[in-house]
K.L.:
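For reference, the structure I am asking about is given below.
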Protein chains: 2
Amino acid sequence: MATHPTIGESLRQEGYRLTPQRMMILAIIRDSSDHISAEEIHQKVRQQYPFVNISTVYRTLNLLKKLRLISETDLGEGYVRYELLERGRHHHLVCRRCGESFAFEHELLRPLQLRLLKEYGFTADVDHFAIFGLCQRCRPAEEMNDVRKEGQHGAA
Amino acid sequence: MATHPTIGESLRQEGYRLTPQRMMILAIIRDSSDHISAEEIHQKVRQQYPFVNISTVYRTLNLLKKLRLISETDLGEGYVRYELLERGRHHHLVCRRCGESFAFEHELLRPLQLRLLKEYGFTADVDHFAIFGLCQRCRPAEEMNDVRKEGQHGAA
DNA sequence: AGCCATTGTGCAAGTTGTTGCAATTGCAAT
DNA sequence: ATTGCAATTGCAACAACTTGCACAATGGCT
Ligand SMILES: [Mn+2]
Ligand SMILES: [Mn+2]
Ligand SMILES: [Zn+2]
Ligand SMILES: [Zn+2]
């Protein structure tokens with residue numbers, strides 16, 4: 001129940017208030033084993049305090065994002081999900097056909113990050129990417145689909 | 001005035017109709033020298049045909065996206081912009097502080113694309129990325145900002 | 001030309017997320 | 001304890017985009 005000191009306290013140390021709403025939101029993000037959406041957070045906070053407004057949830061998420069305590073990522077569901085950044089840097093591959101998503105190592109993005117810094121002096125925020133495409137299983141199916149369409153010319 | 005045959009015809013060859021609305025939308029995207037937003041397209045189509053609905057614009061953009069004729073990208077303005085994919089593959093760096101955006105070569109993403117394919121069998125859609133971070137000019141300013149905050153502890 | 005199935009459009013309502021504003025809260029100096 | 005002030009909240013309105021549905025347009029078949 002006691003809010004993990006590190007995250008709540010880093011809020012205060014930046015000069016922000018650790019309000020009850022923020023404590024509840026933080027606890028829920030911390031206790032979630034996976035990515036969590038704003039709506040899910042809102043539902044869970046409401047179980048403790050039914051009057052929280054969804055805009056408070058969004059504002060808190062934006063604050064935590066700005067302080068780089070959480071990261072957001074769009075896994076193609078029509079809304080964004082959030083995750084504690086201290087949970088370890090990683091990224092996701094999302095199949096545009098089956099919707100499945102797989103994590104991949106941050107290492108794979110490091111060479112790009114370095115080249116952007118060297119060639120453009122640009123410090124890229126490489127926190128939590130989602131890259132869309134076709135997974136191994138779906139590629140053959142998609143190609144078959146393309147071939148079928150080309151076939152429409154003469155056939156059928 | 002005559003719609004560029006290649007794009008309009010590739011629509012038809014996929015079995016979709018080339019309606020007047022779609023012709024107008026296509027012509028506007030083609031005649032735009034830069035990224036263009038749905039709202040901008042809607043405004044311009046309305047000059048020719050005041051009854052088009054914004055949802056037709058969005059539906060057409062989604063169709064063109066699905067057929068990989070256009071690509072979309074979020075440059076951090078609060079809405080998405082679209083560009084003809086045949087205009088040449090490139091990506092963007094967007095500074096989260098000053099909002100400035102710079103293009104960068106597709107070449108820089110190719111090694112990542114290849115590694116994702118080799119290591120995960122994942123065929124990444126690397127059409128038109130926008131990577132956020134700090135540009136060369138803004139990084140010193142941002143660091144100064146961080147230092148000032150740390151100073152709050154004892155000072156002030 | 002007339003009919004039918006399919007595709008596309010307009011409209012209104014819905015979803016996710018943001019924002020202006022007035023009221024509340026927290027904090028510190030009196 | 002009271003006051004002053006900035007940070008935060010709830011609420012309602014808004015913005016970008018999507019979707020369900022009824023009607024219109026299209027294209028194929030006869
Ligand atoms: Mn993740
Ligand atoms: Mn571009
Ligand atoms: Zn798949
Ligand atoms: Zn900048």
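Side-chain atoms are counted along with the backbone in the values below, which use heavy atoms only and exclude waters and symmetry mates.
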K.L.:
Mind checking which nucleotides bracket the chain A contacts on DNA chain D, 5' to 3', with an atom under 4.0 Å from a heavy atom?
P.N.:
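Under 4.0 Å from chain A, the extent on DNA chain D is D:dA6 to D:dC11.
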K.L.:
Would you check if the side chain of B:Arg22 reaches a backbone N or O of B:Thr60 as a donor-acceptor pair within less than 3.5 Å?
P.N.:
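A pair under 3.5 Å: no.
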K.L.:
Ion pair present between B:Arg110 and B:Glu107, side-chain N to carboxylate O less than 4.0 angstrom?
P.N.:
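Counted as a salt bridge, because a side-chain N and a carboxylate O are separated by less than 4.0 Å.
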K.L.:
Examine C:dG8: is either OP1 or OP2 under 4.0 Å from a nitrogen or oxygen in the side chain of B:Thr56? Give yes or no.
P.N.:
no
K.L.:
If you count heavy atoms of other groups shown closer than 6.0 angstrom to NZ of A:Lys44, is the number above 12?
P.N.:
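No, NZ of A:Lys44 has 12 or fewer neighbouring heavy atoms, counting only those of other groups under 6.0 Å.
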K.L.:
Go nucleotide by nucleotide along DNA chain D from the 5' end; which of B:Thr19 and A:Val52 gets its closest nucleotide reached first?
P.N.:
A:Val52
K.L.:
Is the ring pair B:His92/B:His128 parallel, tilted or perpendicular, if the boundaries are 30 and 60 degrees?
P.N.:
tilted
K.L.:
Group every Ile, Leu, Val, Met, Phe, Trp and Tyr by side-chain heavy-atom contacts under 4.5 Å, then state whether B:Leu18 and B:Leu84 land in the same group.
P.N.:
yes
K.L.:
Would you call B:Arg81-B:Asp34 a salt bridge at under 4.0 Å N-O?
P.N.:
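Not counted as a salt bridge, because no side-chain N and carboxylate O are separated by less than 4.0 Å.
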K.L.:
Let's see if you get this right: which residues in residues 125-134 of chain B place a heavy atom under 4.0 Å from DNA chain D?
P.N.:
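None - not one residue of the stretch has a heavy atom sitting under 4.0 Å from the strand.
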K.L.:
For nucleotides 15-20 of chain C, just jot down a letter per nucleotide in 5' to 3' order: B, S or -, based on protein non-hydrogen atoms under 4.0 Å.
P.N.:
-SBBBB
K.L.:
Hey, what's the ring geometry for B:His91 with B:His106, parallel, tilted or perpendicular (30° and 60° as the breaks)?
P.N.:
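Tilted: the ring planes of B:His91 and B:His106 meet at 30° to 60°.
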K.L.:
Taking pairing as Watson-Crick or G-U wobble with both contacts under 3.5 Å, can you name the mate of D:dT2, or confirm there isn't one?
P.N.:
C:dA29
K.L.:
Tell me whether the count of non-hydrogen atoms from other residues, nucleotides or ligands lying under 6.0 Å of CD in B:Glu119 goes above 12.
P.N.:
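Enclosed.
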K.L.:
Decide if atom CD of A:Glu105 counts as having more than 12 heavy atoms of other residues, nucleotides or ligands within a radius under 6.0 Å.
P.N.:
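Counting neighbours around CD of A:Glu105, 12 or fewer heavy atoms of other residues, nucleotides or ligands fall under 6.0 Å, so no.
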K.L.:
In terms of ring plane angle, is the pair B:Phe122 and A:Phe102 parallel, tilted or perpendicular, where the classes change at 30° and 60°?
P.N.:
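Perpendicular, since the angle between the ring planes exceeds 60°.
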